[in-house]
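Because the structure is predicted, anything quoted here is derived from the model rather than measured. Every heavy atom of this structure was used, including side-chain atoms; hydrogens, water molecules and symmetry mates were not. Note that the numbering runs from 1 along the sequence shown for the chain.
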Amino acid sequence: MWVQLAIAVVSYAVSYFLAPTPKAPKPAAFEDVDFPLAEEGTEQYVIFGDCWTQDWVVLAVGNYRTSAIRKKGGKK
């Protein structure tokens, strides 16, 4: 039994150290996102809140964060 346990531990250690490390993904840039844009002369709707519409376009996009959100936790 001890021999089998030792072989299992060694095989797990070898597979852990020989596994390839994944590369960090490139963060998405604003240019990578394909937003439908309004053309000149199209009607513009003003909607407050969540709503489903048949025909929609993006007139303004904002509030994108380029840095990580860090939150201090701890003593309360």
Side-chain angles (χ1 to χ4, degrees):
M1 178 174 129
W2 293 106
V3 174
Q4 294 170 345
L5 184 61
I7 291 173
V9 169
V10 169
S11 67
Y12 285 133
V14 168
S15 65
Y16 176 77
F17 288 115
L18 293 180
T21 56
K23 295 180 181 177
K26 185 180 110 181
F30 186 75
E31 293 81 23
D32 295 340
V33 182
D34 185 26
F35 292 110
L37 301 175
E39 296 177 3
E40 187 175 345
T42 58
E43 297 177 356
Q44 297 178 1
Y45 301 103
V46 178
I47 298 174
F48 299 98
D50 296 334
C51 179
W52 288 93
T53 62
Q54 294 291 330
D55 187 29
W56 65 278
V57 294
V58 176
L59 297 176
V61 179
N63 199 16
Y64 281 99
R65 297 179 190 262
T66 57
S67 60
I69 300 173
R70 296 186 180 137
K71 180 180 177 184
K72 289 188 176 182
K75 304 173 186 174
K76 287 190 175 182

Under 3.5 Å, side-chain donor or acceptor atoms of residues 15-29 against the rest of the protein: list the pairs with distances, not counting sequence neighbours.
from  : atom 1 : to    : atom 2 : distance (Å)
Ser15 : OG     : Ser11 : O      : 3.2
Ser15 : OG     : Tyr12 : O      : 2.9

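- Summarising the hydrophobic clusters (Ile, Leu, Val, Met, Phe, Trp, Tyr; side-chain heavy atoms under 4.5 Å, direct or chained), the residues clustered with Val3 are Ile7.
- With a 4.5 Å cut-off between side-chain heavy atoms of Ile, Leu, Val, Met, Phe, Trp and Tyr, the cluster of Leu5 takes in Trp2.
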